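Values in this document were obtained by computation on a predicted structure and should not be read as measured data. One-based numbering along the sequence shown.
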Amino acid sequence: MKNITIIILLAIIGLCSSCEKFLEAKPNQKLAVPATAHDLRLMLDTYSIINNGMPITVETMSDNYYVTNTDLSGLANQLMRNLYTWQRDETANSEWTNVYKSIYYTNVVLDEWKKLGLEGGQEAAAVKGSAMALQAFYYYMLAQLFAVPYQASADAPWGLSLRYDADFSKAITRASVHETYNTIIQLLKQSLPLLPAQEPLKTRPTKAMAYGLLARTYLLTKNYAQAQLYADSALLYNNRLINFNTLNANANAPFARFNGEVVFHARTSTTPILSPAIAKIDSNLYRSYDKDDLRKTMYFKLNANGTVSFKGDYDGSGTSSGYVFWGLVTDELYLIRAECLARQGMYVLAMETLNYLLITRWKSGSFIALSAANAEDALNIILRERRKELLFRGTRWSDLRRLRDEPQVVEPVRVVNGDTIRLMSNSNKYTLPIPYTIINQSEMAQNPL
């Protein structure tokens, strides 16, 4: 009976939070009332909302791939064509509403948790901690799209709409960028004492997930000491690395879903533009991998026409994938640790961390440890390897945004019908406009042109 009750509640939430009406819909929660922490856990285990369908725009706009003119013109989705060339488009409703629907789920759980007075008990604590960590994760994703890039020197008013409960009667307003990131950090820190060290499902938050997301967040705010601290903390709970020599390079999907490196599993929605049949890897990027670097065979597939496609996603979809893995993996944690050590001048330790990761990626007996002359040299090497390691993980767009004012800046380029389109480092196009339907029904100001 309880399972039926929860299913009814989930159905109500789904109906009330669909399409552009999500932020103004008012659900009838009286039709179903969870009674236990287990009931609330069932809501957070709804994979289709909690872990699936995350924004794919972060990868659509990244420079991990290119599309031929024929394939681009053949796409039915005008929004994807616009995003590929960084054209301003105010119709990306699903990227906004789908994530806010997930935020609404977490707020329903937190509201019901309070009503039920679920103090004490391991499951009750884990449910509350999970809801808070997931909410932080969703805000982090939205911030990479709809909040302007973080700048430590000056706050900006163009942050996110922060929803602290499931009450739809409250006005929709925007927080500042600093307030947005501070909220992410506080949610994660508050979740940590409640989260378990391990979970049987990688779709559930753990201490490693919360620590890892704190490391990601502090990296974006350029607080490198804190980012290193939290990356180290996450690695205390999960420091596993796959030896690529044990994988099958001929497999369509060399990496299993929920493999040992995965700290937290989440994936985006799917789109044809990122399918291996259309998205092709830049030849210069492909050639940057050494012949003994096993990432070259685990990540990529050579096509009959000489082009290269990506197959090494951590979702386990391989060459059939139009999805992008956007969870958290231990290799990223090692790379955050290495980068932050280099930025703090500890370049020898930074290179030791990087080499510890890379030796698992190279053909046995072929790897020669990398060295750096100084901290700047180490940082350049680490960022180069980060570029090569974290393909199609949802991180590249964040890197392009955060490095815009640094010597390592990259201005991505598209070539369409002979025309070169460059995304300049000072462009406002690193931030998506909020969908016009949301602007029209709220008190929020639109992102700068």
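Leu187 places none of its side-chain heavy atoms less than 4.5 Å from the side chain of Phe137. Here the side chains of Thr97 and Tyr100 are not in contact, with every heavy-atom distance at 4.5 Å or above. Counting heavy atoms from C-beta outward, Leu400 and Pro412 have side chains that approach closer than 4.5 Å. Put simply, the side chain of Phe392 reaches to within 4.5 Å of the side chain of Leu274, judged on heavy atoms. Ser398 has its side chain within reach of Tyr140: a pair of non-hydrogen atoms, C-beta onward, lies under 4.5 Å apart. No side-chain heavy atom of Glu179 sits less than 4.5 Å from a side-chain heavy atom of Asp155. By the 4.5 Å heavy-atom criterion applied to side chains, Ile49 and Tyr104 are not counted as neighbours. A 4.5 Å side-chain heavy-atom check between Thr183 and Gln186 finds every atom pair outside the cut-off.
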Run the numbers on Leu220 and Gln144 for side-chain contact (heavy atoms from CB on, under 4.5 Å), then give the verdict. CA-CA 10 Å; Leu220 294 189; Gln144 308 317 299; 3.3 Å; yes
Verdict with supporting geometry, Thr206 and Asn238, side-chain contact (heavy atoms from CB on, under 4.5 Å): CA-CA 10 Å; Thr206 59; Asn238 186 350; over 6 Å; no
side-chain contact (heavy atoms from CB on, under 4.5 Å) between Lys207 and Leu236, intermediate numbers included: CA-CA 10 Å; Lys207 290 186 186 297; Leu236 288 175; over 6 Å; no
Pair Glu443, Thr173 - check side chain to side chain donor-acceptor pair (under 3.5 Å), show working. CA-CA 6 Å; Glu443 301 175 8; Thr173 58; over 6 Å; no
Between Arg337 and Asp232, is a side-chain contact (heavy atoms from CB on, under 4.5 Å) present by the stated rule, with each step listed? CA-CA 7 Å; Arg337 182 179 193 273; Asp232 286 344; 2.5 Å; yes
After noting the C-alpha distance and the side-chain angles of Arg393 and Asp399, does the key distance pass the salt bridge (charged side-chain N to carboxylate O under 4.0 Å, His left out) rule? CA-CA 11 Å; Arg393 302 274 195 88; Asp399 286 347; over 6 Å; no
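Relative to the six-membered ring of Phe244, Arg295 misses at least one condition, a distance below 6.0 Å or an angle of at most 45° to the axis. Lys128 forms a cation-pi arrangement with Trp113, by the criterion of a distance under 6.0 Å to the ring centre and an angle within 45° of the ring axis.
Other residues, nucleotides and ligands contribute over 12 non-hydrogen atoms within 6.0 Å of the CD atom of Glu90. Annotation: Arg240, atom CZ; neighbour count of heavy atoms from other residues, nucleotides and ligands within 6.0 Å does not exceed 12. Heavy atoms of other residues, nucleotides or ligands lying less than 6.0 angstrom from OH of Tyr286 number more than 12.
Put simply, the side chain of Tyr323 never gets that close to the backbone of Gly316: no donor and acceptor are under 3.5 Å apart. No donor-acceptor pair closer than 3.5 Å links the side chain of Thr360 to the backbone N or O of Tyr356. Distance alone, capped at 3.5 Å, is enough to place a donor-acceptor pair between the Arg361 side chain and the Ile242 backbone. Although no hydrogens or angles enter the test, the distance criterion places a donor-acceptor pair under 3.5 Å between the side chain of Tyr299 and the main chain of Glu389. For the pair Asn303 (side chain) and Asn305 (backbone), a donor-acceptor distance under 3.5 Å is absent. Judged purely by atom type and a 3.5 angstrom limit, Glu339 has no side-chain atom pairing as donor or acceptor with the backbone of Leu379. Lys388 contributes no side-chain N or O that, together with a main-chain N or O of Lys296, makes up a donor-acceptor pair within less than 3.5 Å. At distances below 3.5 Å, at least one donor-acceptor pair connects side-chain atoms of Gln344 with backbone N or O atoms of Cys340. Side chain of Tyr138 to main chain of Ile50: a donor-acceptor pair is present (N/O by atom type, distance under 3.5 Å, no hydrogens or angles). Side-chain atoms of Arg402 do not come within 3.5 Å of backbone N or O of Lys222 as any donor-acceptor pair.
The aromatic rings of Phe146 and Trp96 sit perpendicular, their planes meeting at an angle over 60°, well past the 30° parallel limit. In this pair, Tyr314 and Phe255 present their aromatic rings parallel. The plane angle is below 30°, not in the 30 to 60° band.
Inspection of the Glu59 and Ser62 side chains reveals an N or O donor paired with an N or O acceptor under 3.5 Å. Side-chain contact, Gln78 with Asn82: a donor N or O sits under 3.5 Å from an acceptor N or O. Using modelled atom types and a 3.5 Å distance limit, the side chains of Arg174 and Asn447 yield a donor-acceptor pair. Donor-acceptor pairing under 3.5 Å is lacking for the side chains of Asn223 and Thr221.
Exactly one residue among Leu83, Val324, Asn77 makes a side-chain contact (heavy atoms from CB on, under 4.5 Å) with Thr60. That residue is Leu83. The ring-ring contact (aromatic ring centres under 6.0 Å, His included) test with Tyr218 is passed by exactly one of Tyr230, Tyr181, Tyr224: Tyr230. For the side-chain hydrogen bond (donor to acceptor under 3.5 Å, both in side chains) with Ser130, the lone residue among Arg204, Glu199, Arg41 that qualifies is Arg41. Remark: of the listed residues Thr395, Leu432, Leu145, Leu145 is the sole one forming a side-chain contact (heavy atoms from CB on, under 4.5 Å) with Val58.
When all heavy atoms are compared, the tightest approach of Ser317 to Asp313 is N-OD2, 3.2 Å. Contact detail for Thr46 and Leu42: the closest heavy-atom pair is OG1-O, 3.3 Å. Of all heavy-atom pairs between Met80 and Ile273, the closest is O-CD1, 4.0 Å. Taking both residues in full, the closest heavy atoms of Asn64 and Ile281 are given as O-CD1, 3.5 Å, listed atom of the first, atom of the second, then distance. The two residues Met444 and Ser161 make their nearest non-hydrogen contact at SD-CB, 3.9 Å. The nearest pair of heavy atoms linking Ser442 to Ile172 is CB-CB, 3.7 Å.
With ring centers used as reference points, Tyr65 lies under 6.0 Å from Tyr84. For an aromatic pair to be called close, the ring centres must be under 6.0 Å apart, and Tyr430 with Trp86 fails this. Aromatic pair Tyr289/Phe300: ring centres closer than 6.0 Å.
Distance check, rounded to the nearest 0.5 Å: CD1 of Ile185 to OG1 of Thr217 gives 6.0 Å. The CG atom of Leu370 sits 6.0 Å away from the CD1 atom of Ile381 when rounded to the nearest 0.5 Å. To the nearest 0.5 Å, atom CG of residue Leu390 and atom CZ of residue Phe325 are 11.0 Å apart.
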